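What you are looking at is a predicted structure, and each value in this text was computed from that prediction instead of being measured. Order of the sequence lines fixes the chain letters, A, B, ..., with proteins taken first and strands second; residue numbering starts at 1 for each chain.
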Protein chains: 2
Amino acid sequence: MAYASSVDSEVRRKCIKVFQEKFAKLIKNILEEKTPTLVIPKRTLSNTIYDEKRKMLLLGPELLRRSFLDINESKRFMQTILMAAIIYDALVNNEYPTIRDLYYRGKHTIRYIDHKGKVVEENTWDEQRESDAVIRDLEVFLGLLREELLILSKEKGKVVGNMRIRSGDDVIDLSKMGHGAYAIEPTPDLIEFLDVDAEFVLVVEKDAVFQQLHRYGFWKKYKAILITSAGQPDRATRRFVRRLSEELKLPIYILTDADPYGWYIYSVFKIGSITLSYESERLATPDAKFIGVAMTDIFGYKGKKPWLTPQEAKNFIIKAKEADIKRAKELLNYKWFQTKEWRREIEIFLDKKAKLEIEALASKGLRFLADVYIPRKIETGDWIS
Amino acid sequence: MAYASSVDSEVRRKCIKVFQEKFAKLIKNILEEKTPTLVIPKRTLSNTIYDEKRKMLLLGPELLRRSFLDINESKRFMQTILMAAIIYDALVNNEYPTIRDLYYRGKHTIRYIDHKGKVVEENTWDEQRESDAVIRDLEVFLGLLREELLILSKEKGKVVGNMRIRSGDDVIDLSKMGHGAYAIEPTPDLIEFLDVDAEFVLVVEKDAVFQQLHRYGFWKKYKAILITSAGQPDRATRRFVRRLSEELKLPIYILTDADPYGWYIYSVFKIGSITLSYESERLATPDAKFIGVAMTDIFGYKGKKPWLTPQEAKNFIIKAKEADIKRAKELLNYKWFQTKEWRREIEIFLDKKAKLEIEALASKGLRFLADVYIPRKIETGDWIS
C-alpha cells in the first residue's frame, strides 16, 4: 500500500487503538462471563438539545444499554458488533469502505436453530437504512465521525482562494487552480491549513454561480475563500467550513437563493441537521451568517431600499409554490428561526409568496453581484446571523 | 478585469470576431432593405443521423430559414437576435453568464400596437426551456458550443492522475491533489495538456468509488487518469474525456453500475444524447469502452466464469424494477446497442431481472476491485465497445 498516503497510515493506527480501548470492556465482560453490554449515547430526538449558548444541536446526557442477552436488543447488539468488526478489518487491511459497501460487506443470512428446534434464517440487515443506523451508533460509541474511520463518501464541495493546504502527502495551492477548482476530500479533518491570506469565506449554494464568481476573480479582488456546496451541503463541506471558522477565525457568509430551500441550506451549515445532532458538535458553524438573497433585498424594508427596480422585480420574481409555503411555516417552528430578523424574512415571504434565485442578481451583471451586492452587504453588515 | 485569466480575454476576441462575421450578412440584408433572414442547421430528430463509420450522432444537411417578415417565424427570429445581442454584450463586457441568467437577462415584456390598433403585450420568453432552445440555435448558427462563448454552468467532473495541465494562467499538477481532486472547469476546450504519463483513462460513474480508487492509489499503481462523472455526465466532463481520447490517444474505459442507467451513462459518453446530436461531434468519444460491471461478470457466459460466488450473488444482486426493464427494452432500439455483445448483455438482464452496483464489487475488498477486477478486465480485453 505504498500508493496510499502516509497520513492515512497514521489515522489507521490511532483508530485501531480507539477500537481496542473502547471494546476492551466488552471483552472483559465476556471473559468474566458477565452479560456483554454496550453503553451508547442515545441518538433520539428527545435526547437532542438545542444549546442556546453554543447555538448548536447537541446530544443530551441519556445513554442506552445494548445487551446481548436481552431478546429485544440482541439483534441490534449483534449488528453493532458485526459492523464494528467489518470497520476494524477495513482499518487493518488498508481498505477505504463507503457506507454503501459496508452495507454489502455485512449483508448475509444467518441460519440458526431456535428454542423450538426449528431451523430459522435471518438476514443481518435488509436495507442500507439499517446498516447506516448501526454505523451512527458506532460513531457515537467510539466518539469518532465515520470520516475519521476512513469511511469515504461522495463529495460535492469545491474551494478556491488565497490559501495553501496540506492534504495527504501533497501541498496544494488553492490560488493556482486555473479555471477549475479544488474538490474537497471526504475526510477534511486530515487537511492541514498552511498559509491563508483571506479576510472572509463566501459559501455559494449554487455551483454555477461559484463558477461565475471564480472566473470573474472575485476571491482575488476581495481576498475571499470561495466555496460551493453544490446544493444541500454534505458532511465534508460542512466540516471544512466549520474548521475555517473555528481555527482561522474567518467570517463565514452563506449565499443562497431567496426561498425556504436556501434558508434550510444555511441552517444546515449553521446549526446542523435535526436527525443527526451528534454530528453538529463537529460539523456546524454557529457563526455562519446568511448574507442573502434576503426578502428585504427584494422588497426593501423600512429604511432599506430594494436592490431590484420594479421592472426587474416583475421579470425575476418566481411565484412560491404550496410546498415552499408549507416549508416556510415549518421553519418557523425551529428555535433558531425565531429571531426578529428571521421572522421578518419568513413573514415577507409568506405575505408576498415570492422567491428569487441568485442567478437573477447575476443577470443584472456579474459586476453587480460581485462588485456591488456582495461587498456592500458585507461592508454594511446587512446579513442575518 | 485584471482578475480574470488572460486565456479568457483571447477567447472573447475570437468569439466577437465570429459574431461579427456571422451576422454581417444579416446586417447587409437590412442595409439593402432585403428581408432579414437567418439560415440555421436544423436540430430536429429527422435531421439527426447516426454515422456508422464515425460511430456518432451528427446533424444532417437540412437547413431552416428564419425570416423576420414571416409571421410564423418572426417571434423566434427576434428571440434569436435578442439572445445573440445579450451573449455578444456579455462577451464585450467581460461577463460570464450561465444559461439560467441568460434566461433572466432576456426576460421582459414587449408592448406594441397590433394591426387593429390595439395595445398588445408579449413576453420575450416565459420559461428557460424557450431561451435554452434559442441558445442551441445560436450554437449551431455560430458553429460554437456555448462553453466556447464563455457561458458557464455547474460542473461535476473530477480528475486525478499523472498529468499536468494549463488552465487559465496556472499550471496544475493533477498528481498532487492530496486526498482531494481537481474539479474540471466548465470550459474544457481551454485546457492545455502539458505532460501526460498515463496508459489509460478510467471513468467511474460514482463519485464514492472514485474516492475509494483514488485514495487507494489506483491511478499511481496502474498509470491511469482517474475521472468521475458523478452520475450522468455533464458536457464539460464529456468534452474532457473526448479530448483525452482524441488528442492523447489514450484508451477510455467506463465503469458503471450493472443496470440500464449505467449503460445509458456509457452511451452518453460514447455516442452523445439523441436530442442534442449537434453537440456529439465535439463531446462524444466513439472509442470509449464499457469495462463493466457487465452481466457476464455477474452470471458468467459460456467459457467465462462469474466474478461472484453464489453466496455473494445472493447477497449483492438487486432485483430489477419495472422501470429498469422498460428502459432496457428501449435501449435495444438504439442502433449502437444492437451489437452482439450488447444484445447479450441486455438479454441476460431481461432474463435474470437483476442489477448490481459497483460498490458490491468494492465490498469484496477494494483490492479485489482495484488489483484484480479492473486490471484483469483490461489485460484480457474483456470489455464491450
Checking side-chain polar atoms at under 3.5 Å, does A:Glu357 have a donor or acceptor matched by the opposite partner on B:Tyr104? yes
So, does A:Tyr182 use its side chain to make a donor-acceptor pair with the main chain of B:Met177 at under 3.5 Å? yes
May I ask you to name which of B:Ala230, B:Gly365, B:Ala370 has the most heavy-atom pairs under 4.5 Å with chain A? B:Gly365
For A:Tyr3 and B:Tyr216, which heavy atoms make the closest approach, and how far apart are they? CB-O, 3.7 Å
Could you check which of A:Leu152, A:Asp8, A:Thr98 has the highest count of heavy-atom pairs closer than 4.5 Å to chain B? A:Asp8
Between B:Lys314 and A:Thr109, is there a side-chain donor-acceptor contact under 3.5 Å, judged purely by atom types and distance? yes
When the 4.5 angstrom heavy-atom criterion is applied to B:Glu155 and chain A, the contacting part is both
Against chain B, work out which of A:Lys220, A:Lys158, A:Lys107, A:Lys221 has the most heavy-atom pairs shorter than 4.5 Å and name it. A:Lys221
State, yes or no, whether a side-chain contact exists between B:Lys364 and A:Arg105 at a heavy-atom distance under 4.5 Å. no
Non-hydrogen atoms of chain A under 4.5 Å away: do they reach the side chain of B:Leu150, the backbone, both or neither? side chain
Residue pair B:Ser363 / A:Arg100, side-chain donor-acceptor N/O under 3.5 Å: no
B:Val7, part contacting chain A, at a heavy-atom distance under 4.5 Å: side chain
Candidate pair B:Ser5 and A:Arg215, rule side-chain hydrogen bond (donor to acceptor under 3.5 Å, both in side chains), full reasoning: CA-CA 8 Å; B:Ser5 79; A:Arg215 202 69 167 249; 5.2 Å; no
Residue from B:Thr187, B:Ile184, B:Asn315 scoring the most non-hydrogen pairs under 4.5 Å with chain A is B:Asn315
Of the listed A:Gly168, A:Gly217, A:Ala181, the one with the largest count of heavy-atom pairs under 4.5 Å with chain B is A:Ala181
Checking B:Ile318 against chain A: side chain, backbone, both or neither under 4.5 Å from a heavy atom? side chain
If I take atom CG from residue A:Asp101 and atom CG from residue B:Leu369, how far apart are they, to the nearest 0.5 angstrom? 9.5 Å
B:Lys176 side chain near A:Val171 side chain, heavy-atom distance below 4.5 Å: no
State, yes or no, whether a side-chain contact exists between B:Glu185 and A:Gln211 at a heavy-atom distance under 4.5 Å. no
Does any heavy atom of chain A fall under 4.5 Å from the side chain of B:Leu190, the backbone, both, or neither of them? side chain
Contact check, side chains of A:His179 and B:Ile191, non-hydrogen atoms, under 4.5 Å: no
Answer key: most heavy-atom pairs under 4.5 Å with chain B among A:Asp89, A:Ile172, A:Asp170 is A:Asp170
Could you tell me whether the side chains of B:Thr228 and A:Lys154 share a donor-acceptor contact shorter than 3.5 Å? no
Establish, from distance only, whether the side-chain atoms of A:Tyr103 and B:Glu359 form a donor-acceptor pair under 3.5 Å. no
